[in-house]
Amino acid sequence: MIEIIGAIAPVFALIVLGHVLSRALLTSAEFWGYCDRLTYWVLFPALLFNKISVVPLDARFLGPYAGVLVGGFVAAVAFALLAARIAGLPGPIASSVLQGAARHNTFIALAVAERLYAANGLAIAALASSILIPITNIVIVTAMVVLHPSSGDGRAGRAIARDLTRNPLLVAVFAGLLFNVAGLARLPVLHETSDLLGRAALPVALLSIGAGIRIGELAIGAGATSLALAGKLTVFPLAILLLALATGLERQPAQIAMIFGAVPTASSAYALARQMGGDAPLMARIVTVETAATFVTMPLTLIVAGWVMG
């Protein structure tokens, strides 16, 4: 318990520091916007490419690992869509609940995995990202088009396809997998450069996450926000735990998969909701409440999972 809490605490300390800096010293919204763009377009893709291009790929491990991660994601998607339908939520609200329940904050997941399991944990977490990022983007965007019929014309479909093909995270994942499958060793300059850039990705991203927190939103936790919380912080990790036990996944990759289930939804969910006609104010509340809640729920989830897995 002490080890897990001690490993996670610095991650959330950076998030808190980012919030304090955004209110007391670096108050320019433009500055944090540049940080977000730098992380999204340069630093994080460099990290993903660097780790995925050299991580060992064993089909005997990769199959069950992917099954556990995707199974958790599918369970969260199914829960969100079913709950929204039963509650009679309109499309824009339902899509925000979906994003809150089924997306994951990759930056926090990678940071926690590195703190708990060092370089090997970061590599396994990067592999998890390569599995979840493509399916999450495709499923969530497609579902939002269905939930928002007014945005589902041909032009919207072409715009979505264009955005997916030029998504820097997807490009980095596929480039890393291509290098890996081709058996290319670490290339001089390329891997050293991507390694240096990747080291900056997590601290900058965590500070930016803190800068985006709106304390005034924390009191809002009813209705649609509660459904998103239940999906992300209960259904997603519980499904991963059950699947990890069923497949006999080894303890370390199972715990890293649990990290992805236990993290809050992605900060970028707000931008996607605003772009595609979702309920953006609700999405902002969900992101803030989930990020705050995981200060408590993530250590507890990982401790319980570790106890259950022995």
Review point. Would Asn137 and Leu169 satisfy side-chain contact (heavy atoms from CB on, under 4.5 Å), going step by step from the backbone distance to the final call?
Key: CA-CA 10 Å; Asn137 278 273; Leu169 307 185; 5.7 Å; no
Check your understanding: Distance from Asp195 atom CG to Leu190 atom CG, nearest 0.5 Å?
Key -> 11.0 Å
Point to revise | Spacing of Leu229 atom CG and Thr294 atom OG1 [to the nearest 0.5 Å] | key: 10.0 Å
**Study point:** Derivation and outcome, side-chain contact (heavy atoms from CB on, under 4.5 Å), residues Leu21 and Trp32
**Key:** CA-CA 10 Å; Leu21 289 174; Trp32 294 107; 4.2 Å; yes
Check your understanding: Where do Asn120 and Gln252 land on the side-chain hydrogen bond (donor to acceptor under 3.5 Å, both in side chains) test, with the steps shown first?
Key -> CA-CA 10 Å; Asn120 186 57; Gln252 186 180 98; 2.5 Å; yes
Check your understanding: Taking the inter-plane angle between the rings of Phe12 and Phe295 on a 0 to 90° scale, is it parallel (under 30°), tilted (30 to 60°) or perpendicular (over 60°)?
Key -> tilted
Exercise for review: Evaluate the criterion side-chain contact (heavy atoms from CB on, under 4.5 Å) for residue pair Ser267 and Asn105; output intermediate values, then yes/no.
Suggested key: CA-CA 7 Å; Ser267 302; Asn105 193 309; 3.5 Å; yes
**Study point:** Non-hydrogen side-chain atoms of Ile124 and Val55 separated by less than 4.5 Å
**Key:** no
**Study point:** Greater than 12 external heavy atoms within 6.0 Å of Tyr34's OH
**Key:** no
Exercise for review: Please check if the side chain of Lys232 supplies one atom and the backbone of Pro237 the other of a donor-acceptor pair under 3.5 Å.
Suggested key: no
**Study point:** Centroid separation Phe260 to Phe73 less than 6.0 Å
**Key:** no
Practice item. Could you pull out the closest heavy-atom pair between Ala280 and Ala273, with the gap in Å? Key: CA-CB, 4.1 Å
**Study point:** Interatomic distance, Thr301 atom OG1 to Leu241 atom CG [nearest 0.5 angstrom]
**Key:** 9.5 Å
Practice item. Begin from the C-alpha positions of Leu47 and Leu197 and carry the test side-chain contact (heavy atoms from CB on, under 4.5 Å) through to its verdict. Key: CA-CA 7 Å; Leu47 172 63; Leu197 288 170; over 6 Å; no
**Study point:** Euclidean distance, Leu122 CG relative to Ile256 CD1, rounded to 0.5 Å
**Key:** 9.0 Å
